[in-house]
Amino acid sequence: AEAAKEVKTLITASVDRVRVGSEQVHRTGETMQDIVTGIQRVADIVGEIAEASREQSRGLEQINLAVANLDDVTQQNAALVEEAAAASAALQDQSLLDDASFILAVKADLDEVEAKRLGLVAAAEPAEPKAKAAATVASPADARFYMPEESTFQTRVWVAFAASEAIWGSDYPAVQATMGRLVQAMVPYTRVNVLCHEDDEALARQLCGERNTHFVHAEMDDIWLRDTGGVFVQDEQGGLGLVDFNFNGWGDKQEHSHDARVAALVGRQTDAYYLQSELIGEGGGIEVDGNGTAIMTESSWINSNRNPGLTKAQVEAELKANLGLRKIIWLPGIKGKDITDAHVDFYARFVRPGVVVINMDNDPDSYDYKVTRQHLAILQQATDADGNKLELHQLPPPLGGRDNKFSRSPDFAAGYINYLPINGAVIAPQFGDARADRHCRDLLARLYPGRKIVQIDIDPVAAGGGGIHCITLHQPA
């Protein structure tokens, strides 16, 4: 316990020194990102400690090793803070951060991490290791869970390195390369857990790299982890839960015998409370502000291929109970035009409570031309759970771009709105339309100040009808 207190004191002192320096020096983004990465590593080591406490055979020996690693990371963070201080001496008239609020938020995150670490260490000796049940841990009857807003601090992002020739044909190597490119874009900012088939681990390591990554063997059918991996929620004490929405291949449109079990696997890996919904649906069909409001499409939830016999009121009541919601803003969407029946993550995204980015298709030949205008009209009149009007920002797809076999696919999903906010960055697509790519980058930079906008080519994945958000699953801190 004394050692834990010393660790917390060191980290707190380091953060406070950076906060003082923030009043006089300019952004040193890379240095601060290294600090955030160090903090992420602290959170990862806490996970190692939790794993050690669950595995009785390793017991305190593993915990002591993890604590030693934590000491090493703390020393590395101290060195990074010294580097930031040196930068402050050289740049007297500039500001390290936009303001000190980010550092204070990081300090709060560290306090929470340290509290969890202390609890794990204290409980390690007397506690019996918890058996890993087939469907993870049952939720306590009195726990109340809610789904946090996506841009809040995350412990890691999950992806599925699972493209197969059976589904993707001869394009599957290009899809695997795109998955690797995506992971490489994320790891400077966040830990990434890569689900992969055992036989594919060597290739996954080659393409994704081994920096800030962790590889987990899993049987899967495809790459769409946003839909197959469940939805992370939290209780009022910050405890982690995972809602399994009983994936059925978007209404039995695709083989899913393995993917139907991925959510339970993710739950076991994270030791999350397992919450099985009465509904069938997907994570890409859910968009929340973290404060009780959600936006969803009727086409993907009020649909006989997922929830036959249920009324809209019944579906809404279960979603509110599963996700801690007070209000759902329903958009019509459109059935049968894509495999998801118009998931909301291609139409409307919360930036934060009260602020929404909307897809506005300006191609009159696209079926989404009419659909996106219907959605705009609804959202212009909508209010959130607290009665506040929404601030809307339009993010249209490109009208031009690269011409290749992927972009010529009838399923090609050229949507910028399917971006992913992570710690310190926003990962977004670029399609080779210079003007549209730049508008996406500039808008996201305004909406997510202090985060780097990283755009990557995802054409092979887009040819399958999805985007970056569709193939990732963020785990909240």
Side-chain angles (χ1 to χ4, degrees), residues 130-141 143-148 150 154-160 162 193 195 216-235 239-288 294 296-297 300-303 305-310 314-325 328 339-341 343-345 466 469-476:
K130 222 172 1 179
K132 289 194 174 183
T136 75
V137 185
S139 171
R144 299 180 61 184
F145 288 91
Y146 76 99
M147 183 177 177
E150 190 166 319
Q154 303 162 4
T155 62
R156 70 199 70 235
V157 173
W158 295 74
V159 300
N193 278 15
L195 297 177
V216 179
H217 295 162
E219 292 299 318
M220 298 166 288
D221 299 297
D222 211 346
I223 64 175
W224 310 107
L225 195 59
R226 179 69 54 179
D227 295 344
T228 64
V231 173
F232 283 111
V233 291
Q234 291 179 317
D235 65 21
L240 189 67
L242 185 134
V243 182
D244 186 343
F245 279 104
N246 309 296
F247 181 72
N248 77 339
W250 307 283
D252 290 316
K253 297 187 184 80
Q254 181 173 293
E255 169 59 36
H256 58 277
S257 58
H258 295 305
D259 281 346
R261 297 192 290 271
V262 170
L265 181 147
V266 173
R268 289 194 298 274
Q269 288 291 322
T270 57
D271 203 26
Y273 290 121
Y274 182 81
L275 305 160
Q276 187 163 26
S277 177
E278 296 295 322
L279 300 176
I280 294 173
E282 304 86 35
I286 300 168
E287 188 64 27
V288 302
M296 303 189 194
T297 58
S300 66
W301 285 102
I302 320 300
N303 193 319
N305 65 14
R306 292 170 173 85
N307 298 299
L310 295 184
Q314 289 172 322
V315 171
E316 180 167 321
E318 179 70 0
L319 285 166
K320 287 180 175 179
N322 293 158
L323 305 173
L325 300 173
I328 299 176
I339 197 170
T340 73
D341 296 302
H343 273 174
V344 72
D345 65 355
H469 192 256
C470 301
I471 56 177
T472 55
L473 178 64
H474 67 286
Q475 180 179 331

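These figures come from a predicted structure and were not determined experimentally. Only this structure's heavy atoms are used, side chains among them; waters, hydrogens and symmetry mates stay out.
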J.: Below 4.5 Å, heavy atoms only, C-beta onward: do His343 and Asp227 meet side chain to side chain?
T.: yes
J.: Given the rule in the side-chain contact (heavy atoms from CB on, under 4.5 Å) test, do Leu195 and Val266 qualify, once you have shown the distances and angles that lead to the verdict?
T.: CA-CA 9 Å; Leu195 297 177; Val266 173; 4.3 Å; yes
J.: Could you check whether any side-chain N or O of Arg226 sits under 3.5 Å from a backbone N or O of His469, counting only pairs where one atom can act as donor and the other as acceptor?
T.: yes
J.: Side chains of Asn322 and Leu275: does their closest heavy-atom pair fall under 4.5 Å?
T.: no
J.: Determine yes or no for a side-chain-to-main-chain donor-acceptor pair under 3.5 angstrom, with Arg306 supplying the side chain and Gly251 the backbone.
T.: no
J.: For residues 246-255, pull every pair meeting salt bridge (charged side-chain N to carboxylate O under 4.0 Å, His left out), keeping only residues two or more places apart or in separate chains.
T.: Lys253-Asp341
J.: Taking the side chain as every heavy atom from C-beta outward, state whether Glu287 and Met147 have any pair of such atoms under 4.5 Å apart.
T.: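 Counting from C-beta outward, Glu287 and Met147 never come under 4.5 Å.
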J.: Please report the shortest heavy-atom distance between Ser277 and Glu318, naming the atom on each side.
T.: OG-OE2, 3.5 Å
J.: What closest approach, in Å, do Tyr146 and Asp235 show between heavy atoms, and which atom pair accounts for it?
T.: CE2-O, 4.1 Å
J.: Tell me, yes or no, whether the heavy-atom count around Glu278 atom CD, taken from other residues, nucleotides or ligands under 6.0 Å, exceeds 12.
T.: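 No, not enclosed.
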J.: Determine the minimum heavy-atom distance between His474 and Phe232, stating which atoms define it.
T.: O-CD1, 3.3 Å
J.: Can you find a pair of side-chain heavy atoms, one from Asp345 and one from Glu150, that are under 4.5 Å apart?
T.: no
J.: Do we see a donor-acceptor contact under 3.5 Å between the side chains of Glu282 and Trp250?
T.: no
J.: For Leu279, is there any backbone N or O sitting under 3.5 Å from a side-chain donor or acceptor partner on Asn246?
T.: yes
J.: Only counting residues at least two apart or in another chain, list the ones meeting side chain to side chain donor-acceptor pair (under 3.5 Å) with Gln254.
T.: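 So Gln254 forms a side chain to side chain donor-acceptor pair (under 3.5 Å) with Asp222.
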J.: Considering all heavy atoms of both residues, which atom of Pro148 and which atom of Val233 are nearest to each other, and what is their separation?
T.: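 Smallest interatomic distance, heavy atoms only, reads CD-CA, 4.3 Å.
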J.: Taking the side chain from Asn307 and the backbone from Ile302, do they hold a donor-acceptor pair closer than 3.5 Å?
T.: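 It does not hold such a pair.
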J.: Between the side chain of Asp259 and the main-chain N/O of Thr228, is any donor-acceptor distance below 3.5 Å?
T.: no
J.: Are any non-hydrogen side-chain atoms of Phe245 and Ile286 less than 4.5 angstrom apart?
T.: yes
J.: Suppose we screen for salt bridge (Lys or Arg N to Asp or Glu O under 4.0 Å). Which residues come up paired with Glu316, at least two apart in sequence or across chains?
T.: Lys320
J.: Test side-chain contact (heavy atoms from CB on, under 4.5 Å) on Gln475 and Leu240; report intermediate values, then the result.
T.: CA-CA 9 Å; Gln475 180 179 331; Leu240 189 67; 3.6 Å; yes
J.: Supply the atom-to-atom distance Asn193 CG to Thr270 OG1, rounded to the nearest 0.5 angstrom.
T.: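 If I round to the nearest 0.5 Å, the distance is 9.5 Å.
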J.: Supply the atom-to-atom distance His256 NE2 to Arg261 CZ, rounded to the nearest 0.5 angstrom.
T.: 10.5 Å
J.: Can you find a heavy atom in the side chain of Trp224 that is under 4.5 Å from one in the side chain of Thr340?
T.: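 With C-beta onward as the side chain, the pair stays apart.
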J.: Say you draw a straight line from CG of Asn305 to CG of Asn248; how long is it, rounded to the nearest 0.5 Å?
T.: 7.0 Å
J.: Minimum heavy-atom separation for Met296 to Gly285, with atom names?
T.: CG-O, 3.5 Å
J.: Determine whether Val344 and Ser300 make a side-chain contact, defined as any pair of heavy atoms from C-beta on separated by less than 4.5 Å.
T.: no
J.: Contact between Leu310 and Trp301 at the side-chain level, heavy atoms closer than 4.5 Å - yes or no?
T.: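 Not in contact.
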J.: If only atom types and distance count, is the side chain of Asp244 paired as donor or acceptor with the main-chain N or O of Ala263 below 3.5 Å?
T.: no
